[in-house]
Number of protein chains: 2
Amino acid sequence: MSDSAEPLSSLRRALGLLRRVGAADAGGIRLKDLAEQAGCSQPTAHRALQDFAAEGFVEQTGKRYRLALDFFVLAARAGHADGLRDLAKPVLLRLSATLTDTIFLLVRNGYDAVCLDRIEGPFPIRSFTGDIGGKVPLGLGQGSLAILAHLPEAEREAVIRFNVPRLLDRGFLDEAALRVALQAARAQGWVNLNTGLIPGMAGLGVPVFDAQGRAVAALSVGTLADRLRPERLPGVVAILRAEAATLGAMLNPFDTALRHPSRSLSSLS
Amino acid sequence: MSDSAEPLSSLRRALGLLRRVGAADAGGIRLKDLAEQAGCSQPTAHRALQDFAAEGFVEQTGKRYRLALDFFVLAARAGHADGLRDLAKPVLLRLSATLTDTIFLLVRNGYDAVCLDRIEGPFPIRSFTGDIGGKVPLGLGQGSLAILAHLPEAEREAVIRFNVPRLLDRGFLDEAALRVALQAARAQGWVNLNTGLIPGMAGLGVPVFDAQGRAVAALSVGTLADRLRPERLPGVVAILRAEAATLGAMLNPFDTALRHPSRSLSSLS
DNA sequence: CCATATAATTCCGTTATATGAAATTTATTG
DNA sequence: CAATAAATTTCATATAACGGAATTATATGG
């Protein structure tokens with residue numbers, strides 16, 4: 001779709017290859033296919049992959065390439081902008097211990113929410129967010145919705161415009177239903193939308209505000225529907241909100257601007 | 001130390017910059033310092049960083065650069081070689097539910113063990129391995145030691161030779177003590193070395209063998225010293241070993257060669 | 001608050017090096 | 001064991017990466 005004949009630097013072309021390697025499924029990708037997808041010659045792709053491999057970013061088994069462990073290790077240090085993950089760790093541990101459910105820490109990243117950390121509860125949970133490093137469109141899932149609901153109006157509208165088709169693709173709310181849900185979320189300050197999209201599962205999300213009052217993150221709980229019945233729900237809400245307030249109070253005053261909201265999706269579509 | 005006047009490709013030079021950005025502490029690194037460290041001109045570093053930023057790998061706040069969230073997201077898919085993380089998830093969840101302690105999944109990566117996944121128990125744990133994506137020299141920590149103990153002799157010796165200084169640096173065992181511990185680990189098939197390096201903490205590690213009988217991973221438990229007293233220990237050992245066997249049986253027959261054991265440390269020293 | 005130093009960015013001519021066509025080797029498949 | 005397809009190497013060419021020098025922005029201190 002979006003071609004735009006601006007010539008990219010060789011570095012960016014190479015990083016594009018790396019992205020595609022990452023996008024390939026666990027089995028890896030063959031040189032031929034990679035070169036074809038990326039629209040470069042095989043020798044070019046080959047040389048880049050050799051370099052990536054020499055740096056430990058990519059590994060090759062047989063004739064398939066995939067992202068290597070060193071890459072994983074390096075990236076574990078990423079996204080530490082304000083040290084949110086470290087700050088939040090004790091909060092998550094407390095929540096996990098108190099509620100004995102699965103706890104998520106989500107942060108906003110452009111049009112998406114990213115799972116920065118997650119502490120597993122005793123019940124096997126299915127969630128949209130997936131595991132640590134997983135990404136969902138803002139608006140899908142309780143925590144993600146909590147963030148979206150509390151963004152400044154202009155930004156929120158921009159995200160909605162961008163995400164509605166993505167949500168529809170995933171069989172989720174249409175725009176009208178989304179707006180109702182957002183309205184409700186804003187009114188009560190937390191999200192308990194039970195869409196029944198994942199049978200037997202339920203969740204609860206609350207926004208985390210930074211010092212400027214921006215919804216930069218969310219805490220959420222994912223559990224069995226049974227465990228969020230009316231008699232338990234209010235207590236869980238109260239605990240979550242209290243911890244969200246604690247976490248928000250610890251956030252550093254500076255920075256936290258929105259950064260590359262644009263390219264977020266452009267590269268892999 | 002390691003100069004070796006082989007000229008690297010521009011891509012590898014750029015990736016070296018990225019590594020250094022990752023190695024900088026959470027506050028990020030300035031262009032000037034980065035260029036100086038890497039031994040390139042400021043304009044060169046600048047252009048590379050602009051490209052990384054445009055691809056969402058690096059973010060810039062003020063005049064400091066650090067790894068961005070997109071990088072984290074991309075890397076979450078790395079190290080899935082044989083899908084170990086997914087295969088192990090139910091194993092970890094079972095162990096966590098049964099033992100109510102913190103459970104680690106470690107894999108070997110060159111001279112190191114990397115924490116591929118971790119499920120938190122109710123007690124706050126200090127461990128060498130650190131969080132997901134954390135890296136320790138093989139031989140430091142119970143799981144890490146379990147892997148080392150069960151490597152083929154030649155490989156084991158190579159790792160020992162390389163790691164002894166690293167272990168000493170961290171105030172750990174000298175070579176003699178390490179060899180005793182390895183001998184014991186091999187004899188009993190699990191590791192319960194309580195070095196007292198982390199006061200009040202204790203751990204237990206067992207190796208996970210792939211279809212070729214190679215020790216490619218380890219499961220381990222980190223908990224309070226109190227919780228591994230003689231009366232509970234044997235049960236925990238039995239459970240861990242059983243799950244390690246289960247996990248090993250699920251591992252794919254193919255691949256799993258050792259890959260870049262050399263460069264693992266060379267780049268950031 | 002302005003002067004000065006230091007870092008970040010932009011410009012530009014030069015040269016290194018990334019590139020794809022073609023050739024060669026290696027693996028896969030009938 | 002052919003025959004085919006993919007991976008890798010070679011090489012001449014054109015591109016774009018490079019650092020010095022100039023410019024702008026940002027700290028620093030008087």
Side-chain angles (χ1 to χ4, degrees), chain A residues 3-21 24-25 27-55 57-68 252-257 259-260, chain B residues 3-21 24-25 27-55 57-68 252-257 259-260:
Chain A
D3 53 311
S4 73
E6 14 124 314
L8 297 184
S9 70
S10 69
L11 176 54
R12 292 192 61 182
R13 285 187 301 251
L15 294 178
L17 288 176
L18 192 63
R19 263 235 166 58
R20 292 188 142 85
V21 172
D25 48 44
I29 188 170
R30 292 183 318 162
L31 183 62
K32 171 78 181 329
D33 300 329
L34 183 60
E36 177 157 8
Q37 281 179 30
C40 70
S41 75
Q42 252 176 68
T44 299
H46 181 251
R47 275 185 304 260
L49 287 182
Q50 293 305 317
D51 285 346
F52 282 130
E55 291 292 334
F57 281 61
V58 152
E59 67 182 2
Q60 177 180 15
T61 53
K63 39 186 48 182
R64 299 194 107 89
Y65 294 88
R66 70 179 92 73
L67 298 180
N252 243 323
F254 53 65
D255 120 310
T256 320
R259 278 178 275 263
H260 336 271
Chain B
D3 53 309
S4 74
E6 14 121 313
L8 296 186
S9 69
S10 70
L11 176 53
R12 292 192 62 180
R13 285 187 300 249
L15 294 178
L17 289 176
L18 192 62
R19 262 237 167 57
R20 287 176 202 277
V21 172
D25 49 46
I29 188 170
R30 292 182 319 162
L31 183 61
K32 171 78 181 330
D33 300 329
L34 183 60
E36 177 157 8
Q37 282 179 30
C40 69
S41 74
Q42 251 175 71
T44 298
H46 182 250
R47 276 185 304 259
L49 286 182
Q50 293 306 316
D51 285 346
F52 283 130
E55 291 291 333
F57 281 59
V58 151
E59 67 182 4
Q60 178 180 16
T61 52
K63 41 184 48 181
R64 298 195 107 90
Y65 294 88
R66 69 178 91 75
L67 298 181
N252 243 321
F254 54 65
D255 120 311
T256 320
R259 278 176 277 263
H260 335 271

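Here is the naming used below: chain letters follow the sequence lines, and residue numbers restart at 1 for every chain.
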Practice task
Measure from CD on Glu36(A) to P on dA7(D) and round the result to the nearest Å.
Solution key: 11 Å
Problem - Nucleotide dT24(D), atom P - distance to CG of Leu31(B) in whole Å - result: 19 Å
Practice task
Rounded off to whole Å, could you give me the NE2-to-C1' distance for the His46(A) and dT9(D) pair?
Solution key: 9 Å
Practice task
Provide, to the nearest angstrom, the distance between the CG atom belonging to Leu8(B) and the C1' atom belonging to dT17(C).
Solution key: 13 Å
Problem - Ser10(B) side-chain N/O to dA18(C) phosphate OP1/OP2 under 4.0 Å - result: yes
Problem - Minimum-distance nucleotide to Gln60(B) side chain [options: dA7(D), dT9(C), dG20(C)] - result: dT9(C)
Practice task
May I ask you to test the Ile29(A)-Gln37(A) pair for a side-chain heavy-atom distance under 4.5 Å?
Solution key: yes
Exercise for the section: Only counting residues at least two apart or in another chain, list the ones meeting salt bridge (charged side-chain N to carboxylate O under 4.0 Å, His left out) with Arg30(A). Expected result: Asp33(A)
Handout entry: Interatomic distance where CZ belongs to Arg64(A) and P belongs to dT28(C) [whole Å]
Key = 11 Å
Handout entry: Atom-to-atom span, CZ of Arg30(B) to P of dT26(D) - whole angstrom
Key = 15 Å
Exercise for the section: Using only side-chain N and O atoms of Arg13(B), determine if any of them is under 4.0 Å from OP1 or OP2 of dT17(C). Expected result: yes
Problem - Residue mapping more 5' on DNA chain D - nearest nucleotide basis, Asp33(A) or Gly39(B) - result: Asp33(A)
Practice task
Whole angstrom is fine here: how far is it from CG in Leu11(A) over to P in dT19(C)?
Solution key: 11 Å
Handout entry: Lys63(B) vs dA7(C): side-chain N/O to OP1/OP2 distance below 4.0 Å
Key = no
Exercise for the section: In whole angstrom, give the distance that lies between atom CG of Leu17(B) and atom P of dC18(D). Expected result: 9 Å
Exercise for the section: First locate atom CG of Leu34(A), then atom OG1 of Thr44(A), and finally report the distance between them rounded to the nearest 0.5 Å. Expected result: 11.0 Å
Practice task
Would you tell me if any nitrogen or oxygen in the side chain of Arg47(A) comes within less than 4.0 Å of OP1 or OP2 on dT9(D)?
Solution key: no
Completion exercise
CZ of Arg47(B) to CG of Leu11(A), rounded to nearest 0.5 Å, is 11.0 Å
Problem - Residue-phosphate contact under 4.0 Å: Gln42(B) side-chain N/O, dC11(C) OP1/OP2 - result: no
Exercise for the section: Test Lys63(B) against Leu31(B) for side chain to side chain contact (heavy atoms under 4.5 Å, CB included), laying out the working first. Expected result: CA-CA 7 Å; Lys63(B) 41 184 48 181; Leu31(B) 183 61; over 6 Å; no
